[in-house]
Amino acid sequence: MDPSASQQYKSTHEDLSEALKEATKEVHVQAENTEFMRNFQKGQVSLEEFKLVMSSLYFIYEALEEEINRNKDNPVFSPVYFPLELHRKNALEVDLEYFYGPQWRKKIICPHSTKNYVDRLHHVGQKEPELLVSHAYTRYLGDLSGGQVLKKIAQKALQLPASGEGLAFFTFDNVTNATKFKQLYRSRMNSIETDAYAKKRILEEAKTAFLLNIKLFEELQTLSLATSQNGNTRTEATELRSRGPKTENGRPTKQNNSSSEEQPTTFLRWFLIAGCALITLMGLYIF
């Protein structure tokens, strides 16, 4: 059997979850070599960058979960319908209100690349629902895998309150054991009945999901560089801390204003921005 025929046979007969991981290796390398990823070594992340990422994620999860709910009874998706355990839209709404205030819907932006991502999700959900599993698998299991570690790093690097405000996105209250849940999810996904043609299209859609994320982070990098020139990071950080835990008289808890705490360490800044992208771009490879 020639190599191409062997690979085709393997892709057709192996579990869908394993086939997804194998099929996306090449685009995984592309993700690692984007300018955004290479710039991680500079160790630079700001509150504004974090807010831009969270805003884009809101639009993405709003679309994804709208289409998931549309197809919750469709046999091409229903086995992996876990709204209580996985859905992130409500958590992102809580975080965005913390970062932007009660009028957050009027303040967040939807970059062009994010809109393209959203449009693709709506197309898939309405026209090709058998492909929806590619997006759900890539996003949710990636977020679930790295969420707890990133939550702690973000909390320290961005000086967010110890009580957890601004980090609801990374908290999966209804998943008590992440490892066991991911095993369950993969098992349910592998139970979805697909023929060879449908499986091939699911694998191709997973690659599309990676490419959409690459484009998203390339644009967010450009936007964050432009925004950083405004020099608003320190003011915004102070405003966020004022929303944090209060003393009995209603005043914000006193903060240590030493220079070492005003600016996140280089290591923490690198870890945070790398973590955001690794979770988003390489979810298939970290669990």
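- In this structure Thr194 satisfies the side-chain hydrogen bond (donor to acceptor under 3.5 Å, both in side chains) test with no other residue, sequence neighbours excluded.
- Contact record, Ala168 with Asp95: N-OD1, 2.7 Å, taken as the closest heavy-atom pair.
- Taking Glu67 as the reference, Arg70, His122, Gln126 meet the side-chain hydrogen bond (donor to acceptor under 3.5 Å, both in side chains) condition, with sequence neighbours excluded.
- Not a single side-chain hydrogen bond (donor to acceptor under 3.5 Å, both in side chains) links Tyr185 to another residue, sequence neighbours left out.
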Worked verdict on Ile108 versus Phe59 for side chain to side chain contact (heavy atoms under 4.5 Å, CB included):
CA-CA 10 Å; Ile108 64 174; Phe59 290 112; 3.6 Å; yes
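- Applying the side-chain hydrogen bond (donor to acceptor under 3.5 Å, both in side chains) criterion to Ser55, with sequence neighbours excluded, gives Tyr100.
- In this model, a donor atom of one side chain and an acceptor atom of the other lie less than 3.5 Å apart for Ser113 and Glu219.
- Although no hydrogens or angles enter the test, the distance criterion places a donor-acceptor pair under 3.5 Å between the side chain of Arg88 and the main chain of Phe169.
- Counting heavy atoms from C-beta on, the side chains of Val76 and Val133 never come closer than 4.5 Å.
- Once rounded to the nearest 0.5 Å, the distance linking CG of Leu57 with CG of Leu64 reads 11.0 Å.
- Remark: Glu65 pairs with no residue by the salt bridge (charged side-chain N to carboxylate O under 4.0 Å, His left out) rule, at least two apart or across chains.
- Contact record, Pro129 with Lys127: CD-C, 3.5 Å, taken as the closest heavy-atom pair.
- A 4.5 Å side-chain heavy-atom check between Pro83 and Ile68 finds every atom pair outside the cut-off.
- Residues Leu52 and Ile109 form a side-chain contact, since some pair of their non-hydrogen atoms from C-beta on lies under 4.5 Å apart.
- The side-chain heavy atoms of Arg139 and Asn213, taken from C-beta on, include a pair separated by under 4.5 Å.
- Within the model, atoms CG of Leu216 and CD1 of Ile60 stand 5.0 Å from one another, a figure rounded to the nearest 0.5 Å.
- Partners of Glu204 under the salt bridge (charged side-chain N to carboxylate O under 4.0 Å, His left out) rule, at least two apart in sequence or in another chain, are Lys207.
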Please walk me through it: do Lys89 and Glu93 pass side chain to side chain contact (heavy atoms under 4.5 Å, CB included)?
CA-CA 6 Å; Lys89 177 189 172 186; Glu93 288 176 346; 3.2 Å; yes
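- The ring of Tyr140 has its center no closer than 6.0 angstrom to the ring center of Phe82.
- The side chain to side chain contact (heavy atoms under 4.5 Å, CB included) check on Asn190 picks up Asp15, Leu16, Ser17, with sequence neighbours excluded.
- Qualifying salt bridge (charged side-chain N to carboxylate O under 4.0 Å, His left out) partners for Glu130, counting only residues two or more places apart in sequence or in other chains: Arg201.
- Residues Met54 and Leu92 form a side-chain contact, since some pair of their non-hydrogen atoms from C-beta on lies under 4.5 Å apart.
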Side chain to side chain contact (heavy atoms under 4.5 Å, CB included) between Arg105 and Tyr58: does it pass, once the steps are laid out?
CA-CA 10 Å; Arg105 293 180 189 275; Tyr58 171 75; 3.0 Å; yes
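- Applying the side chain to side chain contact (heavy atoms under 4.5 Å, CB included) rule to Asn177 yields the partners Thr179, Lys180; only residues at least two apart in sequence or on another chain are considered.
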Test side chain to side chain contact (heavy atoms under 4.5 Å, CB included) on Leu144 and Lys182 and set out the steps.
CA-CA 8 Å; Leu144 184 61; Lys182 287 181 287 186; 3.9 Å; yes
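- Contact detail for Tyr137 and Leu20: the closest heavy-atom pair is CD2-CD1, 3.3 Å.
- Residues that satisfy the ring pair (Phe, Tyr, Trp, His ring centres under 6.0 Å) test with Tyr81, not counting sequence neighbours, are absent from this structure.
- Between Phe181 and Leu86 the shortest side-chain heavy-atom distance falls below 4.5 Å.
- Nearest heavy atom pair, residue Gly166 against residue Phe50, reads O-CE2, 4.2 Å.
- When the salt bridge (charged side-chain N to carboxylate O under 4.0 Å, His left out) test is applied to Lys115, the partners found at least two apart in sequence or on another chain are Asp119.
- Of all the heavy atoms in Val124 and Leu132, the pair that sits closest is CG1-N, 3.5 Å.
- Applying the side chain to side chain contact (heavy atoms under 4.5 Å, CB included) criterion to Ser191, with sequence neighbours excluded, gives Pro79.
- Leu211 is not listed as a side-chain neighbour of Lys215, based on a closest heavy-atom distance of 4.5 Å or more.
- Lys51 places none of its side-chain heavy atoms less than 4.5 Å from the side chain of Leu158.
- For the pair Lys199 and Ala19, the tightest heavy-atom approach, listed with the atom from each and the gap, is CE-CB, 3.9 Å.
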